[in-house]
Amino acid sequence: MKISPEIEKLIPYSPGKPISEVQREYKLDHVIKLASNEAPYAPSPKVIKALKMALPQLNRYPDSQSHKLTQTFSKHYGVLPENLIFGNGSNELIDLLIRVFCVPGQCILTSQAAFIAYKICAQTVRVQTIETPMAHMCFDLEAIKAELQKRREQPVRLVFIANPNNPTGTYLNEEQITDFLNFMKSHPETLVVIDEAYTEFVRAPDYPNSLDLFRRDSYASQLVVLKTLSKVYGLAGLRLGALIGSPQWVNYIHRVRNPFNVNHLAQVAGVAAIQDSDYVHQHCQVIWQGLDYLYGELDSLSCRYPLKYLKSQTNFILLDFGREAYPIHKRLLKRGLILRPVAGYGLPNCLRLTVGLPHENQQAVETLKEVLSEEAPCPPHPS
Ligand SMILES: *Cc1c(COP(=O)(O)O)cnc(C)c1O
């Protein structure tokens with residue numbers, strides 16, 4: 001049987017290396033993983049308690065409508081229940097969006113170095129991904145606009161904007177986003193998907209509240225917002241994501257999704273997690289302190305070594321070594337530090353470092369220092 005060229009050529013998503021694998025491969029006891037933008041500690045005790053109580057109910061199928069989850073999130077986000085649909089992580093919602101809104105041969109539009117799931121999901125269903133260049137490691141909405149104008153003949157169905165973006169950690173401000181949404185009114189056949197996996201970690205005061213924008217009538221029919229419980233809620237292992245969109249679009253996605261795509265435990269945990277603002281608050285404090293500590297250490301490293309980094313609005317930092325980073329990644333692994341190579345995003349000189357607990361951040365800095373100092377020191381980047 002012949003497999004289609006799209007599937008034949010598909011490069012699968014490469015997750016961060018598991019700790020156990022690095023321990024085995026390098027014969028190490030102590031390994032730190034700062035590779036997958038996960039929370040550095042357990043989920044909320046309220047979530048764990050709710051999960052334990054739900055275990056005896058697992059003989060039953062989950063509620064296909066996710067009724068309680070929908071009601072709870074609707075209150076939390078200030079949108080109607082009809083505006084909401086859930087998925088097995090927001091990754092599944094990305095997949096569903098593309099399957100619902102694009103037919104083979106059509107295209108989606110995003111930036112270079114955008115979250116890679118968009119491209120992977122598109123390729124599986126023979127949908128082309130068009131990528132515009134970044135500007136200063138940020139999504140360049142002007143380039144995206146120009147591309148949309150150019151493609152009036154072969155319309156783009158979905159524009160994916162990760163705000164803030166993974167793996168760069170950079171963000172678009174309110175003025176940029178509202179200007180773009182206004183522009184999109186002249187492209188009514190195209191939906192704008194804003195993927196907000198890291199919103200709670202953002203400290204920039206001009207970051208837009210996309211749910212406020214969604215609640216404005218004039219944007220509601222073209223704007224789709226994605227949320228996930230994987231990052232600030234510390235539930236990456238559970239798989240729960242939410243989509244906010246206009247009822248007509250949500251309805252089409254309901255038709256296509258698997259009837260039990262959100263399992264019972266995910267529904268129960270989601271209800272408990274979204275109401276626990278203390279957990280979110282505390283988690284953000286840990287991340288912000290970690291970021292500030294790391295900025296300080298990276299600043300002093302960058303005086304001695306060719307190392308640059310981007311200020312981040314997320315729980316990770318993109319490190320730029322000014323030369324191929326894969327050998328550096330291997331040497332970090334040998335010392336028990338797992339970071340994430342991002343060559344697949346067109347960033348072969350970079351590694352992504354997730355903020356961990358204070359002792360993990362310190363260990364990461366020590367290990368980076370060791371590896372960088374092994375090489376003949378060269379002059380730092382011209383800034
Ligand atoms: C982590 C991440 C997601 C979330 O993925 P899940 O499938 O919900 O775990 C979505 N978008 C971006 C940009 C991310 O970094």
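In listed order, ligands and their atoms are each counted from 1.
Put simply, the side chain of R335 reaches to within 4.5 Å of the side chain of V371, judged on heavy atoms. Using a 4.5 Å heavy-atom cutoff, the side chains of E142 and D179 are in contact.
With sequence neighbours excluded, no residue satisfies ring pair (Phe, Tyr, Trp, His ring centres under 6.0 Å) with Y13.
No donor-acceptor contact under 3.5 angstrom links the side chains of R239 and N263, judged on distance only.
For ligand 1, the protein residues placed under 4.0 Å by at least one non-hydrogen atom are G89, S90, N91, F115, N166, D195, A197, Y198, T228, S230, K231, R239.
Classification of E131 and K119 as a salt-bridged pair holds, one side-chain N sitting under 4.0 Å from a carboxylate O.
Taking the six-membered ring for Trp, Y77 and F214 have ring centres at least 6.0 Å apart.
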